Amino acid sequence: MREAAADAVVLLKNDKQILPISTQTKSIAIIGPNAKIPMISGGGSAALRPTYAVSPLEGISSAAKEL
């Protein structure tokens, strides 16, 4: 589990100072089959009933409009 968690941290690195998205950004690519699908937690004891869910596409689109 620790090795999997350590490997996943790569997604959060900001080596090239891309985040946060600046006003100079002209386009954003949101790629993948789950971009439009909100994923809520896991199953079993991690199951939740959220009041709302936001997909990656909705979240990024909303944030980009504010720039």
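These numbers come from the heavy atoms of this one structure, side chains and all, not from hydrogens, waters or symmetry mates. Quick caveat: nothing in here was measured; it's all calculated off a predicted structure.
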Under the side chain to side chain contact (heavy atoms under 4.5 Å, CB included) test, residues paired with I30 that sit two or more places apart: I28, A35, L57, I60
Contacts of type side chain to side chain contact (heavy atoms under 4.5 Å, CB included), residue P38, not counting sequence neighbours: A53, S55
Residues that, via side-chain heavy atoms closer than 4.5 angstrom, fall in one hydrophobic cluster with M1: none
